[in-house]
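The structure appears right after this line, and notes come after that.
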Amino acid sequence: MLHVDQILAVTSAAPATLAAGGEAAPPPFTVARVLTETRLDSWLTLGLVLAAGLYLYGVHRLRLRGDRWPVIRTVAFLGPGLGGIALVTLTGLGAYDTALLSVHMVQHMVLSMIAPIFLALGAPVTLALRTLPVRPRKRLLAIVHSRIARIYSFPLVAFTIFVVNPFALYFTDLYEFTLRHEWAHELVHAHFIATGCVFFWPLLGLDPLPGRWPYPARALLMVLSVPFHTVLGLTIMQSTTLFGGDWYPSLNLSWSDPWEDQVVAGGVLWAGGEFVSVTMLAVLVIQWIKQSEREARRLDRELDRQEARQKAAEASA
């Protein structure tokens, strides 16, 4: 969230209670406060640092034995992947996630769509399989190919989870509950990340997952996900009911109108969802083209070998 003592120093208004933890409502939303108010004492900070350290250690192990690891994978995993999660949770942006629905929607987009995509493109499972000792590697393979992993990574199951979850969260009393209980709000953040990984890993990820669909089917599933973000965003923009119940009005923020902010939040979800989906569809098509090129080169090499064997047989005859 935010450092209350620092925030109160720049505002004379009496703060409203923001959450069960007793933290104060933030002053007017500005880019400066997003950049300056950072909190690094949460469990999420430790998890992100640990994930980054393990990934870099794996890359280091590969280089020590003379193996190469694509730099772009490391950049994707550490930059937009882990970095995206940190940007919307550990910086000052996290101070406003329970005060402004629009900020929460930005978090929603990053945690459920943008960050999981780049985590998948970082191929951490492949990196682990190439660096772990024999016994841990076998355990990891057993997990990847377990029945639970096969069920949740099956594209239709992942698609259903990805699409249904936002409707179940925002159109029930569950969202208001997460606003009033900090532990539930943090759990929603983790849930967004997990849901995005379950959906995007089988579609765009480079790791060896069971039951992966061919590229045409993956592209179709990506196209089908676009309308759901449009429907959800437009529904939020046109809703005559405030999301979160009376939570946002009770904050009495003089610098924000909950109704106007809800319209902005719906627009963020609508435009952001379409942009990310179309962009990732383009990435999927690029992956499809590259795989076709690799397959064509493989077939060419096989034909060359067959022709060489045939010529050798004719020469010996």
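Positions are given from 1, in the same order as the sequence printed here. Nothing here was measured: the structure is a model prediction, and the numbers come from that model.
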Exercise. Decide side-chain contact (heavy atoms from CB on, under 4.5 Å) for Met109 and Val106; before the verdict, give the C-alpha distance in whole Å, the side-chain angles of both, and the deciding distance to 0.1 Å.
Key: CA-CA 5 Å; Met109 294 299 304; Val106 172; 5.8 Å; no

Nearest-0.5 Å distance, [atom1] of residue [X] to [atom2] of residue [Y]:
{"X": "Leu87", "Y": "Leu82", "atom1": "CG", "atom2": "CG", "result": "12.5 Å"}
{"X": "Ser250", "Y": "Leu253", "atom1": "OG", "atom2": "CG", "result": "9.0 Å"}
{"X": "Leu141", "Y": "Leu129", "atom1": "CG", "atom2": "CG", "result": "5.0 Å"}
{"X": "Ile114", "Y": "Ile85", "atom1": "CD1", "atom2": "CD1", "result": "11.5 Å"}
{"X": "Leu234", "Y": "Leu269", "atom1": "CG", "atom2": "CG", "result": "9.5 Å"}
{"X": "Leu101", "Y": "Glu260", "atom1": "CG", "atom2": "CD", "result": "13.5 Å"}

Nearest heavy-atom pair of [X] and [Y]: which atoms, and what distance?
{"X": "Arg73", "Y": "Leu206", "value": "NE-CD1, 3.6 Å"}
{"X": "Leu169", "Y": "Val188", "value": "CD2-CG1, 4.2 Å"}
{"X": "His185", "Y": "Leu179", "value": "CE1-CD2, 4.3 Å"}
{"X": "Thr131", "Y": "Gly58", "value": "CG2-O, 3.4 Å"}
{"X": "Leu119", "Y": "Cys197", "value": "CD1-SG, 4.2 Å"}
{"X": "Leu251", "Y": "Thr98", "value": "CD1-O, 3.8 Å"}

Are side-chain heavy atoms of [X] and [Y] found at a separation under 4.5 Å?
{"X": "Thr178", "Y": "Tyr175", "answer": "yes"}
{"X": "Leu90", "Y": "Leu48", "answer": "yes"}
{"X": "Leu44", "Y": "His189", "answer": "no"}
{"X": "Phe192", "Y": "His108", "answer": "yes"}
{"X": "Gln287", "Y": "Val283", "answer": "yes"}
{"X": "Phe77", "Y": "Val59", "answer": "no"}
{"X": "Phe199", "Y": "Met113", "answer": "no"}
{"X": "Arg297", "Y": "Arg301", "answer": "yes"}

[X] atom [atom1], over 12 foreign heavy atoms within 6.0 Å:
{"X": "His145", "atom1": "NE2", "answer": "yes"}
{"X": "Arg65", "atom1": "CZ", "answer": "yes"}
{"X": "Arg137", "atom1": "CZ", "answer": "yes"}
{"X": "Arg68", "atom1": "CZ", "answer": "no"}

Self-check item: Aromatic plane relationship, Trp288 with Tyr215 - under 30° parallel, 30 to 60° tilted, over 60° perpendicular
Solution: parallel

Quiz prompt | side-chain hydrogen bond (donor to acceptor under 3.5 Å, both in side chains) partners for Asp207, two or more places apart | solution =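 If we apply the side-chain hydrogen bond (donor to acceptor under 3.5 Å, both in side chains) test to Asp207, skipping adjacent residues, the hits are Thr126, Trp201.
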
Do [X] and [Y] sit in one hydrophobic cluster, given that two such residues count as connected whenever their side-chain heavy atoms are within less than 4.5 Å of each other, even indirectly?
{"X": "Leu93", "Y": "Ile193", "result": "yes"}
{"X": "Ile117", "Y": "Phe275", "result": "yes"}
{"X": "Val231", "Y": "Val164", "result": "no"}
{"X": "Val278", "Y": "Leu121", "result": "no"}
{"X": "Leu220", "Y": "Ile289", "result": "no"}

Quiz item: Would Val125 and Val144 count as a side-chain contact (heavy atoms from CB on, under 4.5 Å) if you check the C-alpha gap in whole Å, the side-chain angles of each, and the deciding distance to 0.1 Å?
Solution: CA-CA 9 Å; Val125 176; Val144 170; 4.1 Å; yes

Exercise. State whether a side-chain donor-acceptor pair under 3.5 Å links Ser256 with Asp261.
Key: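 No, no side-chain donor-acceptor contact under 3.5 Å.
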
Quiz item: Restricting to pairs with a member in residues 219-235, which pass side chain to side chain donor-acceptor pair (under 3.5 Å), not counting sequence neighbours?
Solution: Thr230-Glu274

Quiz item: Under 6.0 Å between the ring centres of Tyr248 and His104?
Solution: no

Practice problem: Could you check Val264 against Met105 for side-chain contact (heavy atoms from CB on, under 4.5 Å), going step by step and ending with a plain yes or no? | Solution: CA-CA 9 Å; Val264 175; Met105 286 303 174; over 6 Å; no

Quiz item: Mind checking what makes salt bridge (charged side-chain N to carboxylate O under 4.0 Å, His left out) contact with Asp173, not counting sequence neighbours?
Solution: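 Partners of Asp173 under the salt bridge (charged side-chain N to carboxylate O under 4.0 Å, His left out) test: none.
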
Quiz item: Passes salt bridge (Lys or Arg N to Asp or Glu O under 4.0 Å), Arg305 versus Glu302? Steps please.
Solution: CA-CA 5 Å; Arg305 286 193 293 267; Glu302 179 63 25; 2.7 Å; yes

Report, one line per pair, each donor and acceptor closer than 3.5 Å where one atom sits in a side chain of residues 151-163; sequence neighbours left out.
from, atom 1, to, atom 2, distance (Å)
Ser153, OG, Ala149, O, 2.5
Thr160, OG1, Leu156, O, 2.8

Self-check item: Hydrophobic cluster of Leu54, others only, ordered by chain and residue number, side-chain cut-off 4.5 Å
Solution: Leu50

Self-check item: Short side-chain to backbone donor-acceptor contact, Tyr170 and Ile236, under 3.5 Å
Solution: no

Practice problem: For side-chain contact (heavy atoms from CB on, under 4.5 Å), just list the numbers for Asp246 and Glu176, CA-CA rounded to whole Å, side-chain angles, deciding distance to a tenth of an Å, and then say yes or no. | Solution: CA-CA 9 Å; Asp246 61 350; Glu176 183 178 1; 3.5 Å; yes

Quiz prompt | With sequence neighbours excluded, residues passing ring-ring contact (aromatic ring centres under 6.0 Å, His included) with Phe171 | solution =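 Phe171 satisfies ring-ring contact (aromatic ring centres under 6.0 Å, His included) with Phe167, Phe243 only.
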
